[in-house]
Participant: 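Once you've had a glance at the structure underneath, I'll fire off some questions.
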Amino acid sequence: MPRADLLARLDAQPCWDMSIIGGGATGLGCGVDAASRGYSTLLVEKHDFSQGTSSRSTKLVHGGVRYLQQGNVALVMDALHERGVLLRNAPHLVHNQAFVVPDYQWWERPFYGVGLKLYDMLAGKLGFGRSRILSRAKTLNMIPNLEPTDLRGGVIYHDGQFDDSRLAITLARTMDDLGGLAVNHMAVTGLAKDQDGQIRGAEVEDSLTGQIRRLRAKTVINAAGVFVDGIRNLDNPASPRLIAPSQGVHLVLDKSFSPGDTAIMVPHTDDGRVIFLVPWHGRVLVGTTDTALDAPSQEPRPLDEEIDFLLEHAARYLTRDPKRADILSVFAGIRPLIRVEGEDKTSSLSRDHHLTISQGGLVTIAGGKWTTYRKMAEDTVTQAARFAGLPSRSCKTENLPLHGWTNGLNPKDHLSVYGNDVEELREIIRQEPKLGEALHPKLPYLRAEVVWAVRREWALTLSDVLRHRTRAIVLDAAASMDMAPDVAALMARELGRDEGWVKNEVASFRELARTYLA
Ligand SMILES: Cc1cc2nc3c(=O)[nH]c(=O)nc-3n(C[C@H](O)[C@H](O)[C@H](O)COP(=O)(O)OP(=O)(O)OC[C@H]3O[C@@H](n4cnc5c(N)ncnc54)[C@H](O)[C@@H]3O)c2cc1C
């Protein structure tokens, strides 16, 4: 997938049916939907695919037990349906995860037991497994390191788990399979209008070289996540603000803190939300927080009080209290929540999505969740096509297997995220056995995955590989810094870069990785 070929395809198309801004869950979902309907489709992403919010989630494909508590039954039902669709269409990336709500008060088991039965019912035929009340002994059996003092028992239920960045890369590959063009490191810097004030294209800047291009499109979809307001301002500087940004932080701990395969759902935090302690890629992911921000930023930083909050809550539920020094990595993401005038508390803002078309024809889609990306894309592409007068074509994604589709893989095998591409990856190792070696003793990643990421998955920078193709920085920030020179050297060989490039990439990646250390 040489960059020069992608740029040549970009330059060769006189006018795109649909041009999408943003390569997160929402934009990539729109890209797959539009390309699968047969529209000529371009997606541009300013940084790397999933670099915004879409690599920083709790990694749950879920209806959202919390939204049921808030009484948003319609949102939960839609999300539970999408959860089932995603498992069917991407079984190599989504798997069934058991969660236990541990109960320390007499009323909790009946209360959560009934609530979770309703959750099962709302999932209908696409259910992931029935919830059940557990005895104290069974609860401790499933979560051996759960705090036993005053424990009465628990309720087990099922939801989905996934790798958010890997799903994003898979969506980009699916879009490519369908004839769409996805280009990362390409920012929209302006919108082009005709004499009637209708948007007819965009100006884009190559984020790696600074080269400017102008492209034509019949419709432009703004899926820039927390940055949609900036794009709306390019259309009309007087556009009202749509987004209320809210930060969420996660900590990553060693698996020994909760060695079983079952996740813990804490149903009521001190600030009235839920948090999860979830096994993920051989670690424990703890999150999240909800902190209202004045403005979004590209690389949000976890606040000390958010880290303390998560450590404190984790300590209440685990026999061994995690300390700052135990944190392998910490990261923050920003929710693109839809603003409601007069509402300051972001945790009570709706997680529904919001679709709007400006007078100039800019289609903006924001809000929602990773889990509902496909439905958001269906709504958006249908409306965008109608507005632009494109031939009406029905949505195909509900039954569209995603790139690499294959069933029956073991999610504990880290190569399972490649689905049936794994054979091609193994072929690379057969041709050059040294590429079968691991990059670091603390992480499972092989040298061949770096080569694969450059050849097949648009990786152009060290951060692309260590953050989004592999999850090294999230699983162990210090280990990712150690690996950086080796990974950069492998990339340089593939990309035809020199020593100077390697040195610069390693230096800027290490600076970034330091922000993942607690
Ligand atoms: C802490 C946290 C936990 C979450 N957990 C879950 C969960 O467990 N399950 C779930 O379903 N959902 C979860 N979510 C929600 C989910 O992650 C988001 O709804 C989703 O990722 C938003 O995707 P997006 O594509 O709209 O935004 P983004 O992922 O931010 O994508 C927007 C992209 O647009 C790009 N962009 C911006 N400006 C430009 C420009 N000028 N030109 C080109 N590109 C541009 C950005 O670089 C970015 O990559 C969570 C969110 C947070 C913050």
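Count residues from 1 along the sequence. A quick note: this is a predicted structure, and the numbers were derived from the prediction, not measured. Indexing begins at 1, ligand by ligand and atom by atom, following the structure's order. Reckoned from all heavy atoms, side chains included, excluding hydrogens, waters and symmetry mates.
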Participant: Backbone, side chain, both or neither: what part of Gln247 comes under 4.0 angstrom of ligand 1, heavy atoms only?
Facilitator: neither
Participant: Are any of the N or O atoms of Arg335 closer than 3.5 Å to those of ligand 1?
Facilitator: no
Participant: For ligand 1, which atoms, with element, lie under 4.0 Å from some heavy atom of His250?
Facilitator: 1 (C), 3 (C)
Participant: What protein heavy atom sits nearest atom 45 (C) of ligand 1, and how far away is it?
Facilitator: Lys46 CB, 3.7 Å
Participant: Tell me which protein heavy atom sits closest to atom 26 (O) of ligand 1, plus the residue, atom name and distance to 0.1 Å.
Facilitator: Thr26 OG1, 2.7 Å
Participant: My understanding is that we take every heavy atom of each candidate and find the minimum distance to atom 8 (O) of ligand 1. Doing that for Asn184, Thr288, Ile21, Leu60, which one comes out nearest?
Facilitator: Leu60
Participant: Looking only at side chains, do Ser57 and Asp164 share a donor and an acceptor under 3.5 Å apart?
Facilitator: yes
Participant: Counting only nitrogen or oxygen atoms and a 3.5 angstrom limit, does Gly368 reach ligand 1?
Facilitator: yes
Participant: May I ask which of Gly230, Gly23, Pro245, Gly225 has a heavy atom nearer to atom 27 (O) of ligand 1 than the others do?
Facilitator: Gly225
Participant: Any nitrogen or oxygen of Ala25 lying under 3.5 Å from a nitrogen or oxygen in ligand 1? Just yes or no.
Facilitator: yes
Participant: Quick one: does Thr58 get an N or O within less than 3.5 Å of an N or O on ligand 1?
Facilitator: yes
Participant: Could you tell me, atom by atom, which parts of ligand 1 come under 4.0 Å of a heavy atom of Gly248?
Facilitator: 1 (C)
Participant: What is the ring orientation for His250 with Phe331, classed by angle as parallel under 30°, tilted 30 to 60°, or perpendicular over 60°?
Facilitator: parallel
Participant: Please identify which atoms of ligand 1 are closer than 4.0 Å to at least one heavy atom of His47.
Facilitator: 47 (O)
Participant: Can you check whether Glu398's main-chain N or O pairs, donor with acceptor, with Asn89's side chain at less than 3.5 Å?
Facilitator: yes
Participant: Are any of the N/O atoms in Val188 less than 3.5 Å from those in ligand 1?
Facilitator: yes
Participant: Is it the case that over 12 heavy atoms from other parts of the model lie below 6.0 angstrom from the CD atom of Glu299?
Facilitator: yes
Participant: Of all the non-hydrogen atoms in the protein, which one sits nearest to atom 33 (C) of ligand 1, and at what distance?
Facilitator: Glu45 OE1, 3.4 Å
Participant: Considering Phe162, Phe331, Trp370, Phe49, which one's heavy-atom position lies nearest to atom 10 (C) of ligand 1?
Facilitator: Trp370
Participant: Just by distance, do the side chain of Asp48 and the backbone of Gln51 share a donor-acceptor pair under 3.5 Å?
Facilitator: no
Participant: Near Ile231, which atoms of ligand 1 are under 4.0 Å from a heavy atom of that residue?
Facilitator: 41 (N)
Participant: With a 6.0 Å cut-off on ring centres, are Trp370 and Phe162 close enough?
Facilitator: yes
Participant: Considering only heavy atoms, which of Ala223, Cys30, Ser54, Gly29 lies nearest to atom 29 (O) of ligand 1?
Facilitator: Ser54
Participant: Looking at SG of Cys30 and CG of Asp379, how far apart are the two atoms once the value is rounded to the nearest 0.5 Å?
Facilitator: 9.5 Å
Participant: Distance alone, cut at 3.5 Å: any donor-acceptor contact between the side chains of Tyr418 and Arg456?
Facilitator: no
Participant: Could you tell me if the side chain of Met265 sits less than 4.5 Å from the side chain of Val274, heavy atoms only?
Facilitator: yes
Participant: Looking at Arg324, I'd like to know if its CZ atom is crowded, meaning that more than 12 non-hydrogen atoms belonging to other residues, nucleotides or ligands lie closer than 6.0 Å.
Facilitator: yes
Participant: Any chance NZ of Lys412 has more than 12 other-residue heavy atoms, nucleotides or ligands included, within less than 6.0 Å?
Facilitator: no
Participant: Please write down residue, atom name and distance for the protein heavy atom closest to atom 31 (O) of ligand 1.
Facilitator: Gly24 CA, 3.5 Å
Participant: Counting neighbours of CZ on Arg301 that are heavy atoms of other residues, nucleotides or ligands and sit closer than 6.0 Å, is the number greater than 12?
Facilitator: no
Participant: Under 6.0 Å between the ring centres of Phe309 and His313?
Facilitator: yes
Participant: Checking the N or O distance criterion of under 3.5 Å, is ligand 1 in contact with Asp48?
Facilitator: no
Participant: What do we get for Val44 next to ligand 1 when only non-hydrogen atoms under 4.0 Å count, side chain, backbone, both or neither?
Facilitator: backbone
Participant: Apply the test salt bridge (charged side-chain N to carboxylate O under 4.0 Å, His left out) to residues Glu203 and Arg214: give CA-CA distance (whole Å), side-chain angles for both, the deciding distance (0.1 Å), then the verdict.
Facilitator: CA-CA 4 Å; Glu203 179 188 86; Arg214 285 182 184 80; 3.1 Å; yes
Participant: I'd like to check which ligand 1 atoms, numbered from 1 as shown, lie under 4.0 Å from a non-hydrogen atom of Gly333.
Facilitator: 53 (C)
Participant: Identify the closest protein heavy atom to atom 18 (C) of ligand 1: which residue and atom is it, and at what distance?
Facilitator: Thr53 CG2, 4.0 Å
Participant: Tell me the contacting part of Lys59 for ligand 1: side chain, backbone, both, or neither, using a 4.0 Å heavy-atom threshold, strictly below.
Facilitator: backbone
Participant: Within 45° of the six-membered ring axis of Phe227 and under 6.0 Å from that ring's centre, is NZ or CZ of Arg232 located there?
Facilitator: no
Participant: Do me a favour and list the nearest non-hydrogen protein atom to atom 50 (C) of ligand 1 with residue, atom name and distance?
Facilitator: Ser57 CB, 3.9 Å
Participant: In terms of residue, atom name and distance, what is the protein heavy atom nearest to atom 36 (N) of ligand 1?
Facilitator: Ala224 CB, 4.0 Å
Participant: Can you sort out which atoms of ligand 1 are near Ile334, meaning under 4.0 Å from one of its heavy atoms?
Facilitator: 53 (C)
Participant: Just which atoms of ligand 1 are under 4.0 Å from any heavy atom in Gly22?
Facilitator: 33 (C), 34 (O), 35 (C), 44 (N)
Participant: Looking only at the side chains, is there a donor atom on one of Ser480 and Arg471 sitting less than 3.5 Å from an acceptor on the other?
Facilitator: no
Participant: Counting both backbone and side chain atoms, is some N or O of Gln298 under 3.5 Å from an N or O of ligand 1?
Facilitator: no
Participant: Only one of Leu43, Leu42, Asp33 clears side-chain contact (heavy atoms from CB on, under 4.5 Å) with Met175; which?
Facilitator: Leu43
Participant: What residue and atom, counting heavy atoms only, is the protein's closest point to atom 2 (C) of ligand 1, and at what distance?
Facilitator: Arg56 O, 3.8 Å
